[in-house]
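Heads up, the thing below is written out as structure tokens.
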Amino acid sequence: MASQGKCVSFSILLSLVALLSFCKADTSKEVEALLKWKDSLPEQSIFESWYFPVHYNNSSTPPSPCKWFGITCDMAGSVTAINLAYTGLRGTLQNLDFSSFPNLLRLDLKFNNLTGTIPPNIGMVSKLQFLDLSTNSLNGSLPLSLANLTQVYELDVSRNHITGIFDPFLFPDGSSQSKKGLVSMKNLLFQDNQLGGRIPEEIGNLKFLVLLALDGNYFNGPIPQSLANLSHLSILRLANNELSGQIPAKLGTLTNLSDLRLLTNRLSGVVPIELGNLSSLTVLHLAENNFTGQLPPQVCRGGKLVNFSAAHNSFTGPIPISLKNCPSLYRVRLEYNQLTGYIDQDFGVYPNLTYIDLSFNKLRGELSSNWGQCRNLTLFQIAGNMITGRIPDEIVQLSQLVKLDLSSNQLSGEIPEDIGNLSKLSLLNLKDNKLSGNIALGIGKLSNLEFLDLSMNMLSGPIPDQIGDCLKLLDLSLSKNQLNGTIPFQIGNMVALQDLLDLSCNSLSGQIPPQLGRLKSLENLNLSHNNLTGSILDSLSNMVSMTDINLSYNYLEGPLPAGNIFQSAPPESFSNNKDLCGKIKGLRPCNGTAMEEQKGDRKKNRKLLVVIVSSLAGAVLVSLIGIYAFLLKKKSLNHLMKVEHSSKGKDPFSIWYFNGKIEYEDILEATKNFDDMYCIGLGGSGKVYRVDIPGYDVLAVKKLNFQARDYSEIEDIKHLGSEVAALTEIKHRNIVKLFGFCSQGQHTFLVYEFIERGSLADMLGSEKGAEELDWVKRIRVVKGVAHALSYMHHDHVPPIIHRDISSKNVLLDSELEAHVSDFGTARFLNLDSSNWTEVEGTFGYLAPEFAFSMVVTEKCDVYSFGVLALEVVMGKHPGEEVLSFQSGAVGRIQYKDILDHRLSPPESHNIGVELASIVKVAVSCLSPNPQSRPTMRTVSNLLHVYADCP
């Protein structure tokens with residue numbers, strides 16, 4: 001019996017051995033597939049462990065891949081995971097035979113350098129549960145074989161170059177018995193690819209889905225209503241697409257939703273109040289869409305909201321009431337809306353808050369001392385509101401603050417004396433308020449400050465010497481205040497100054513410190529409209545980076561230094577001084593003084609002889625002749641606002657408004673009665689002629705298509721003349737100077753200064769001109785136009801709307817500086833008389849609301865400026881692309897993709913930043929809703945353009 005038992009036990013043992021042999025996997029196909037793939041790839045060190053032993057032959061047991069780098073096996077030796085993430089892997093997946101891996105559960109190849117397409121045979125890995133191909137350079141479309149991966153719970157192909165659409169075949173059909181599609185999917189990530197088309201409603205059949213990330217693609221159409229079926233959904237990211245329509249109200253039923261990102265799309269309408277039901281919400285991004293109406297009042301109903309953005313929309317009404325008691329807030333962006341309310345009543349204390357931007361809304365009230373308790377704030381911006389009162393001293397307790405922007409409000413009182421406690425501050429912008437008193441000495445302690453703007457206030461007293469301790473400062477503007485005293489020589493210590501030094505429009509006196517010559521990186525210097533005296537010292541020639549200088553309206557005298565900027569700057573940069581001389585047009589030659597002195601000496605030596613020889617009769621005769629000549633000269637002078645009518649043989653409708661000594665006949669003679677050989681341009685309202693008159697600067701005369709025929713029309717012309725008279729008073733470096741107006745005989749014309757290089761349109765239309773107009777010059781052109789429009793809209797009384805901003809109406813001087821032409825003339829050229837050519841704007845630049853309202857506002861100019869700015873960057877009119885720009889999807893537009901290909905990409909990082917800023921601002925100007933467009937003052941400020949003194 002015992003012997004029989006032993007036999008049975010031995011039989012069982014043999015059976016177990018046979019069973020184990022049978023269970024041991026045949027890995028030869030897996031080994032062969034892995035090595036074949038390796039051999040197809042470039043040689044790389046991560047595969048050093050992937051090799052055949054030297055002694056291996058076909059009769060031997062194949063080598064196990066289980067010890068190879070990145071390979072994991074099960075107990076039977078079959079490959080279950082391939083993990084080569086973060087290894088720098090190069091090559092493609094084309095030669096990886098996925099059918100050779102029947103037990104593969106995990107494939108992780110993220111953060112590598114893979115190229116090519118996703119192979120269709122990837123769907124043959126039927127047991128796969130985890131697939132991550134993110135952050136590579138894969139292209140092509142999604143293979144439909146992915147639908148066979150019914151056990152995959154995470155699929156991530158984010159940050160590649162995948163194109164095509166989401167085929168509904170990838171998703172289950174909705175039946176509980178479905179055997180096709182990504183039925184087990186929990187995490188589906190396709191961020192930052194090039195997928196397009198509509199998001200199919202079938203995506204709502206992924207009933208286990210927890211995370212859906214489709215941001216950074218080109219999906220269009222509405223948000224699928226079926227997403228409301230995904231009861232487990234926690235994260236929904238649809239940002240940076242082209243989605244349109246409204247937010248489905250049913251999304252408010254997703255009680256597990258904690259992260260909802262819809263920013264940078266074309267969504268519109270009112271945000272459903274039901275989103276306030278999402279009590280688990282921690283992240284809500286609605287920014288950069290076309291939303292209107294009010295924000296959901298209970299957006300922080302659950303008290304968990306951390307990150308909230310609704311910036312760059314058209315939201316109106318109050319700040320959501322639930323935000324006041326939402327201490328979880330970490331980051332809030334509500335800028336560029338039309339939100340109302342009181343900043344001292346609608347906000348509480350936020351111990352975790354690091355970033356809040358409420359700029360450019362309609363908020364009122366005063367700054368509460370409670371803001372001093374938000375101790376983790378790094379950015380606090382409320383620019384462009386109607387905030388009043390003082391800056392609370394408690395603000396200086398924000399020791400982590402890096403950016404503080406309270407500009408363009410109605411703040412009063414003094415700058416807190418302890419402002420220097422904000423030791424981490426890099427940006428301080430308090431411009432355009434009603435601040436008074438002295439500049440706080442503590443500003444000198446802000447050793448990390450890079451941007452300081454205190455302009456357009458009522459600050460008085462001297463500029464503190466301590467400001468020279470801000471050694472990292474790149475941009476300094478103290479213009480348009482009531483500062484006095486001398487310019488501190490310590491400013492010369494701020495050698496990092498690069499973008500701007502603007503001390504204009506104050507009452508500064510004394511000499512220009514020679515130490516300013518140390519500012520070799522400075523590009524823009526404006527000391528105009530002060531009481532500076534003395535000469536401009538040669539040390540300022542060391543400012544070799546200078547591209548723009550303005551020393552006008554001072555009491556400077558003597559020769560200009562020899563530096564390039566002093567020889568190439570326009571005449572108005574040095575105008576209205578005491579006695580500057582140099583080789584610039586408009587200044588006397590520096591040897592002129594000596595010659596005059598010599599003439600004066602000779603006259604003195606001859607004086608006695610003249611007295612002796614001249615008889616009394618001769619003296620009287622000379623005097624009479626002189627008097628008579630003076631009277632004739634006086635009569636010929638055409639003073640501003642003087643109208644001459646003559647009934648004795650002259651044209652009764654002759655009107656001449658001109659502030660100068662040039663006669664009507666001079667212009668006719670210089671143009672040979674407006675011969676076409678002198679014509680330099682043709683517009684809707686008439687031709688433009690070049691007029692060269694000896695002894696005067698070159699003029700440009702626009703001959704209008706009009707002639708007064710009766711007294712009723714001459715009354716209209718009189719009114720026009722008074723308009724012109726007002727426009728002749730405009731003096732701005734970026735506006736073409738209008739000298740006067742004439743209607744006489746068969747001619748009616750306007751007289752302008754001549755701008756040498758012609759129109760911006762002609763410059764951009766020429767290959768040679770486009771190359772000459774490099775990125776630095778183009779940036780300056782855009783800023784110059786913005787500068788001019790801001791001045792006319794906001795600093796001129798009354799405000800003047802251009803009505804016809806286009807590249808043809810922007811002229812370039814010899815330095816390619818922009819000058820806006822026909823400013824204000826579009827309004828009065830469209831008189832009721834049928835003889836006038838209507839000027840309603842240029843096609844392609846007209847704001848869309850003009851088509852149905854026919855009402856022109858300053859926001860029409862803003863729209864036209866947006867088109868023009870894009871034209872300068874692109875090198876051509878944006879055409880139909882304006883429609884795509886109008887989506888407001890600023891964050892998705894990469895300025896590098898639209899740059900004029902005739903120029904090399906900008907090498908300087910700063911130039912790139914400025915171009916990106918121009919594109920972003922231009923797109924905001926193209927909003928279909930006029931009220932959503934910024935003002936030109938805002939545009940000018942955003943582009944760091946500083947207006948001349950009023």
Assess the side chains of [X] and [Y]: does a donor N or O sit below 3.5 Å from an acceptor N or O?
X      : Y      : result
Asp405 : Gln381 : no
Ser426 : Glu450 : no
Lys472 : Asn448 : yes
Ser408 : Asp432 : yes
Asn481 : Asn457 : no

- Task: State yes or no: are the ring centers of His732 and His787 separated by less than 6.0 Å?
- Result: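 Yes - the distance between ring centres of His732 and His787 falls below the 6.0 Å cut-off.
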
- Ignoring hydrogens and angles, tell me if any N or O in the side chain of Ser359 forms a donor-acceptor pair with the backbone of Ala383 under 3.5 Å.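 The answer is yes, because a donor-acceptor pair under 3.5 Å joins these two groups.
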
- Report the C-alpha distance between Asp861 and His793 in whole Å, list the side-chain angles of each, state the deciding distance to 0.1 Å, and finish with yes or no for side chain to side chain donor-acceptor pair (under 3.5 Å). CA-CA 9 Å; Asp861 278 355; His793 286 188; 2.9 Å; yes

- Can you list every salt bridge (Lys or Arg N to Asp or Glu O under 4.0 Å) pair that touches residues 534-551, not counting sequence neighbours?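 Residue pairs with at least one partner in residues 534-551: Asp548-Arg733.
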
- Taking all non-hydrogen atoms of both residues into account, name the closest pair between Phe566 and Pro561 and its distance.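 That would be CB-O, 3.4 Å.
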
- Taking all non-hydrogen atoms of both residues into account, name the closest pair between Leu508 and Asn484 and its distance.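 That closest heavy-atom pairing would be CD2-O, 3.5 Å.
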
- Message: Against the six-membered ring of Tyr863, is Arg933 placed for a cation-pi contact (under 6.0 Å from the centre, within 45° of the normal)?
- Response: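 So Arg933 doesn't make the cation-pi contact.
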
- Specify whether His877 and Tyr845 have parallel, tilted or perpendicular ring planes, treating 30° as the upper limit for parallel and 60° as the lower limit for perpendicular.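 Ring orientation of His877 relative to Tyr845: perpendicular.
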
- Message: Once you measure the plane-to-plane angle for Tyr791 and His796, does it fall in the parallel (<30°), tilted (30-60°) or perpendicular (>60°) bin?
- Response: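 Ring orientation of Tyr791 relative to His796: perpendicular.
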
- Counting only heavy atoms not in Lys808, do more than 12 sit closer than 6.0 Å to its NZ atom?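 For Lys808, atom NZ is not crowded (no more than 12 foreign heavy atoms under 6.0 Å).
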
- Atom CZ of Phe489 with >12 non-hydrogen neighbours under 6.0 angstrom: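 No, not enclosed.
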
Could you list the donor-acceptor pairs under 3.5 angstrom formed between side-chain atoms of residues 760-769 and any protein atom two or more places apart in sequence or on another chain?
residue: Asp762; atom: OD2; partner: Ser759; partner atom: OG; Å: 3.3
residue: Ser766; atom: OG; partner: Lys768; partner atom: N; Å: 3.4
residue: Ser766; atom: OG; partner: Gly769; partner atom: N; Å: 3.1

